[in-house]
Amino acid sequence: AVPLVIAVSTALAAKSGFLIRDRSAFERAKDLTAVVFDKTGTLTTGVFGVTDILAFGGAAEDDVVRATASVEAHSEHPIARGVVRSAEERGIALLPVERFRAIPGVGVEGTVGGRSVRVVGPGYLAESGIDAGDGRIQALQRQGKTVVFLLEDDRLTGALALADIIRPESGEAIRRLKEMGVRCMMLTGDNRDVAAWVAGELGLDEFFAGVLPHEKAEKIREVQRRYRVAMVGDGINDAPALVEADLGIAIGAGTDVAVESADIVLVRSDPRDAAAVIDLAKKTYRKML
Ligand code: ADP
Ligand code: MG
């Protein structure tokens with residue numbers, strides 16, 4: 001038989017906007033000591049807009065946007081969507097792309113008009129030994145903007161800065177969890193300066209930046225040496241981390257992968273509901289003792 005208190009909580013859970021896929025996971029939620037949030041799409045809306053266009057070596061801004069957007073048009077990544085929307089807004093027609101390839105956590109590449117075109121993050125640039133040599137870039141990153149770089153035939157010809165918006169509910173979610181004594185962390189593939197800005201805005205206890213998609217589950221295992229961990233994510237790049245955590249919480253109606261990888265699914269895209277789940281579990285099982 002299902003204990004009454006759990007039956008009541010399950011009904012309450014449905015009313016509160018979350019679905020419990022695994023009853024034992026809900027029970028585990030009472031013992032959590034840390035929550036790791038994905039950044040893009042979870043603590044932030046994941047809707048990027050282009051804020052700055054940098055053109056190097058005499059390139060024209062529109063050409064930088066055209067080349068970047070042409071390749072990104074073949075990607076589903078939130079950064080790609082932002083770049084393509086920006087080209088549309090500027091009335092820039094895109095060029096055909098051959099041999100498109102997406103490199104998860106790194107960027108995209110393809111051939112445009114016989115030239116190799118890559119759009120990559122700062123990590124790739126550093127590894128290739130290319131120095132952007134432009135002080136504006138770090139200044140943009142320190143404002144929380146994600147900067148991607150355009151390489152044409154391995155030459156740096158431009159960069160775009162994109163801004164995503166912190167969800168207005170994220171700060172309160174973190175405050176509530178910290179009040180419960182739960183440590184709050186963030187995991188992202190984005191640059192350290194960008195992550196530090198978001199972590200500062202939200203009062204996060206810790207963050208991990210520049211983590212490649214295949215390293216995210218490993219990072220969770222590391223945190224598990226110190227804490228009982230919930231991972232909250234939208235399933236874009238973080239499904240294995242959702243599986244690895246003591247409790248996987250998928251945010252929003254998000255992706256199917258997220259729903260399948262999670263123990264608990266939040267109906268809305270509101271990180272406060274993750275705090276509510278944990279609060280409800282702690283209260284439910286306290287009452288049973
Ligand atoms: P997150 O952990 O924030 O979801 P990802 O792992 O998807 O981030 O991406 C990490 C970084 O990889 C991005 O901040 C960006 O620098 C680079 N990147 C990934 N995909 C793309 C893309 N389509 N275009 C440009 N850069 C990309
Ligand atoms: Mg995400």
Side-chain angles (χ1 to χ4, degrees), residues 36-48 50 64-65 67-87 97 100-110 117-128 132 137 140-141 144-151 158-167 170 185-199 207-220 231-242 248-252 254-255 257-258 261-262 266 269 271 274:
V36 179
F37 289 94
D38 157 59
K39 176 176 80 76
T40 310
T42 301
L43 290 176
T44 70
T45 62
V47 181
F48 285 92
V50 173
V64 168
V65 175
T68 307
S70 297
V71 184
E72 292 283 23
H74 300 268
S75 164
E76 300 276 279
H77 197 278
I79 292 175
R81 289 175 194 271
V83 171
V84 172
R85 200 172 346 96
S86 162
V97 174
F100 170 81
R101 194 164 76 101
I103 314 161
V106 176
V108 291
E109 63 180 22
V117 176
R118 287 200 177 95
V119 184
V120 295
Y124 179 95
L125 212 64
E127 273 173 35
S128 314
I137 289 160
L140 290 163
Q141 289 168 333
K145 292 176 181 174
T146 297
V147 180
V148 297
F149 300 87
L150 172 66
L151 299 174
L160 300 182
L162 297 102
D164 181 6
I165 296 167
I166 294 179
R167 290 188 194 278
S170 295
M185 310 180 188
M186 180 176 77
L187 183 57
T188 181
D190 212 333
N191 168 269
R192 172 154 298 272
D193 286 327
V194 180
W197 183 85
V198 174
F207 66 90
F208 310 102
V211 184
L212 291 170
H214 68 270
E215 298 168 340
K216 287 184 177 174
E218 173 58 33
K219 208 71 198 171
I220 294 295
M231 168 80 202
V232 186
D234 63 0
I236 300 177
N237 286 340
D238 53 24
L242 289 172
I249 303 177
I251 194 160
T255 58
V257 211
S261 314
L266 306 183
S269 294

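Residues: numbered from 1 along the sequence shown. In listed order, ligands and their atoms are each counted from 1. Hydrogens, waters and symmetry mates play no part in the numbers below; they use all other heavy atoms, side chains included.
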Would the distance check show the side chain of Asp164 and the main-chain N or O of Phe48 forming a donor-acceptor pair, the cut-off being under 3.5 Å? no
* Asked: Within the distance-only criterion (no hydrogens, no angle test), does the side chain of Thr42 pair as donor or acceptor with the backbone N or O of Lys39 below 3.5 angstrom?
  ->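 Checked: no pair found.
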Among protein heavy atoms, which lies nearest [atom], and at what distance?
atom: atom 26 (N) of ligand 1; value: Val148 CG1, 3.6 Å
atom: atom 13 (C) of ligand 1; value: Ile79 CD1, 3.7 Å
atom: atom 5 (P) of ligand 1; value: Asn237 ND2, 3.4 Å
atom: atom 17 (C) of ligand 1; value: Val106 O, 3.3 Å
atom: atom 23 (N) of ligand 1; value: Glu72 OE1, 3.0 Å
atom: atom 21 (C) of ligand 1; value: Gly107 CA, 3.6 Å
atom: atom 14 (O) of ligand 1; value: Asp190 OD1, 3.4 Å
atom: atom 20 (N) of ligand 1; value: His77 CD2, 3.3 Å

Determine whether more than 12 heavy atoms belonging to other residues, nucleotides or ligands lie under 6.0 Å from atom CD1 of Ile103.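 Yes, because the 6.0 Å sphere around CD1 of Ile103 holds more than 12 heavy atoms from other groups.
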Sorted by chain and number, sequence neighbours left out, salt bridge (Lys or Arg N to Asp or Glu O under 4.0 Å) with Arg167 holds for none
Between Val71 and Phe100 the two heavy atoms that sit nearest each other are O-CE1, 3.4 Å
Quick one: closest heavy-atom pair of Val84 and Ala69, and the distance?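 Closest approach of Val84 to Ala69: CG2-O, 3.9 Å.
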Report for the Mg ion (ligand 2), protein N, O or S closer than 2.8 Å, by chain and number, lists Asp38 OD2, Thr40 O, Asp234 OD1
For this session: Give the numbers and elements of all ligand 1 atoms closer than 4.0 Å to a heavy atom of Val108.
Result: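 Once the distances to Val108 are compared, the set is 23 (N).
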| message | Under a 4.0 angstrom heavy-atom cut-off, which atoms of ligand 1 come close to Ser75? | response |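 Near Ser75, the atoms of ligand 1 are 23 (N).
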Could an N or O of ligand 1 be found under 3.5 Å from any N or O of [X], whether backbone or side chain?
X: Lys216; answer: yes
X: Gly189; answer: yes
X: Lys39; answer: no

Exactly one of Leu162, Leu160, Thr146, Val147 clears side chain to side chain contact (heavy atoms under 4.5 Å, CB included) with Leu140, and that residue is Val147
Side chain to side chain contact (heavy atoms under 4.5 Å, CB included) test vs Lys219 passes for just one of Val36, Leu212, Leu187, namely Leu187
| said: Between Arg81 and Glu76, does any NZ, NE, NH1 or NH2 come within less than 4.0 Å of an OD or OE carboxylate oxygen? | reply: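 Here Glu76 pairs with Arg81 in a salt bridge, since their nearest N and O are under 4.0 Å apart.
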Given side chains that start at C-beta, do those of Ile79 and Thr40 come closer than 4.5 Å, heavy atoms only?
no
Do Arg85 and Val47 come within less than 4.5 Å of each other through their side chains, counting heavy atoms only?
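A side-chain contact under 4.5 Å exists here.
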Counting heavy atoms under 4.0 Å, the part of Glu109 that contacts ligand 1 is neither
Heavy-atom proximity to atom 12 (O) of ligand 1 ranks first, among Gly121, Gly105, Ala195, Pro104, for Gly105
Roughly how far, to the nearest 0.5 Å, is the CG atom of Leu242 from the CG atom of Asp234?
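Atom-to-atom, Asp234:CG and Leu242:CG are 8.5 Å apart.
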Rounded to the nearest 0.5 Å, the NZ atom of Lys145 sits from the CD atom of Gln141 at a distance of 11.5 Å
